[in-house]
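Both counts, for ligands and for their atoms, begin at 1 and track the order of listing.
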Amino acid sequence: MEERILRMLRRTEGYLSGEAICRELGVSRQTVWNIVEKLRVQGYQIDSAPRRGYRLQSGPRQVVREAVLSYLPEDFPWRDRVTVLPEADSTNTQLKVLAAGGAPEGTVLIARRQTGGRGRMGRDFLSPEGMGVYLSVLLRPECPAGELMHLTCAVAVAMCDAVQDAAGFRPGIKWTNDLVAGGKKLAGILTELGLEAESGAVRYAVAGIGINCRQRAEDFPPELRQRAGSLEMIAHREVDQNRLAAAMISRLQEMAGALQAKKAVTMARYRRDCVTLGREVTFSWEGKVLEGRAEDVDENGALIVALPEGGTVKVASGEVSVRAKNGYL
Ligand code: BTN
């Protein structure tokens, strides 16, 4: 009921009369009033004016399950699998526990803050309350691990789509899995696989995404300020985190359904978004620090780097970090 009232308010310019809501939902005025009060408690700003009705001013600033769901279609297949936690050490860690217990594909965990957010290569991912969306999704791809090499790339493209949907601009991708804009990292992706010990078959994949939304430069620790940014720093407006979370879930569901079938299309889109291509990069490879020019990304997400002395090397994702010669990008 809350969701239906929200949808009605969203599609109405100006005020929506209490009577219209009562008619459409077949409930009393008192019920409508009670629901509006409940929504206000969740953080919705709803004006009410005598004889005019209700008008939605803004949504909750924090992630609220009902608010996320209100942006997803009523028949969205993963609706009942979305959980919002006030706090988690790491949504990836928690989701791996659920995966081991048999949770289905499409189980989504979102935390309003993480106390031990994890990034690639053992790094931390800062996840302060209210500042971003920290979300993990459980996938159960039915294929060998070798056919999932492009998974992180597919998640990155899906997350560019989600940012475009919710924040109105399209970030780039710094190989392999950072979303960037204005020369700064806005988001990171950590994909983890659970394998059957004996056969090596894939039992599950957990894709975790953290998107910085609200930070201003001074909100980042001094050592990150040069490199870290947020959606609001680029969009110059408030970004609705509930809408963003819904866009992320929706784009992930779309991606999961076509992971193999659309591999070539996805990788072509990845190359278009990838800002690393064409740049001079420094990377460590087989114990040496090398420099070269990032030429291409192959169908498995490996970066193909042309070396100054001639020849190319293929750098597999997950193995190394690549830096531009002069700075982060
Ligand atoms: C990176 O920047 O190297 C990857 C960062 C991934 C962060 C997300 S936030 C949700 C999920 N839970 C985690 O602990 N990590 C991922």
Ligand-side contact atoms (ligand 1) for residue partner [X], heavy atom cut-off under 4.0 Å:
| X | result |
| --- | --- |
| Arg118 | 5 (C), 6 (C), 7 (C), 13 (C), 14 (O), 15 (N), 16 (C) |
| Arg120 | 1 (C), 3 (O), 4 (C) |
| Thr91 | 10 (C), 11 (C), 12 (N) |
| Leu135 | 10 (C) |
| Gly119 | 1 (C), 3 (O), 4 (C), 5 (C) |
| Gly117 | 14 (O) |
| Gly210 | 7 (C), 8 (C), 9 (S) |
| Ser90 | 12 (N), 13 (C), 14 (O) |

Open item on the list: Can you tell me if Met121 contacts ligand 1 (heavy atom of the residue under 4.0 Å from the ligand)?
Closed with: no
Task: 4.0 Å heavy-atom contact, Gln114 with ligand 1 - done: yes
TODO: Give a yes or no on this: more than 12 heavy atoms of other residues, nucleotides or ligands lie within 6.0 Å of atom CD of Glu142.
DONE: no
TODO: Starting from atom 2 (O) of ligand 1, locate the nearest protein heavy atom and write down its residue, its atom name and how far away it is, to 0.1 Å.
DONE: Lys185 NZ, 2.5 Å
- [ ] Please report which non-hydrogen protein atom sits nearest to atom 5 (C) of ligand 1, along with the residue it belongs to and the distance in Å to one decimal place.
- [x] Phe125 CD1, 3.5 Å
Task: Stepwise side-chain contact (heavy atoms from CB on, under 4.5 Å) check, Arg118 with Leu190 - done: CA-CA 8 Å; Arg118 295 187 290 111; Leu190 175 66; 3.7 Å; yes
- [ ] Using the rule that two of Ile, Leu, Val, Met, Phe, Trp, Tyr join whenever any of their side-chain heavy atoms come within less than 4.5 Å, decide whether Met131 and Ile211 are in one cluster.
- [x] no
Task: ILVMFWY network linking Leu186 to Trp175, side-chain heavy atoms under 4.5 angstrom - done: yes
Task: side chain to side chain contact (heavy atoms under 4.5 Å, CB included) partners of Leu69, counting only residues at least two apart - done: Glu3, Arg65, Leu72, Arg79, Val82
TODO: Ignoring hydrogens and angles, state whether a donor on the side chain of Thr91 or Gln114 is under 3.5 Å from an acceptor on the partner side chain.
DONE: yes
- [ ] Return the orientation label for the Tyr54 and Trp33 ring planes: parallel under 30°, perpendicular over 60°, tilted otherwise.
- [x] tilted
Open item on the list: Quick check against the 3.5 Å criterion: does Ser90 have a side-chain atom that pairs as donor or acceptor with the backbone of Asn92?
Closed with: yes
Open item on the list: Counting only heavy atoms closer than 4.0 Å, does ligand 1 sit against the backbone of Ile189, its side chain, both, or neither?
Closed with: backbone
Open item on the list: Holding to side chain to side chain donor-acceptor pair (under 3.5 Å), I want the full list of residues that pass it with Thr31, two or more places apart in sequence or in another chain.
Closed with: Ser28
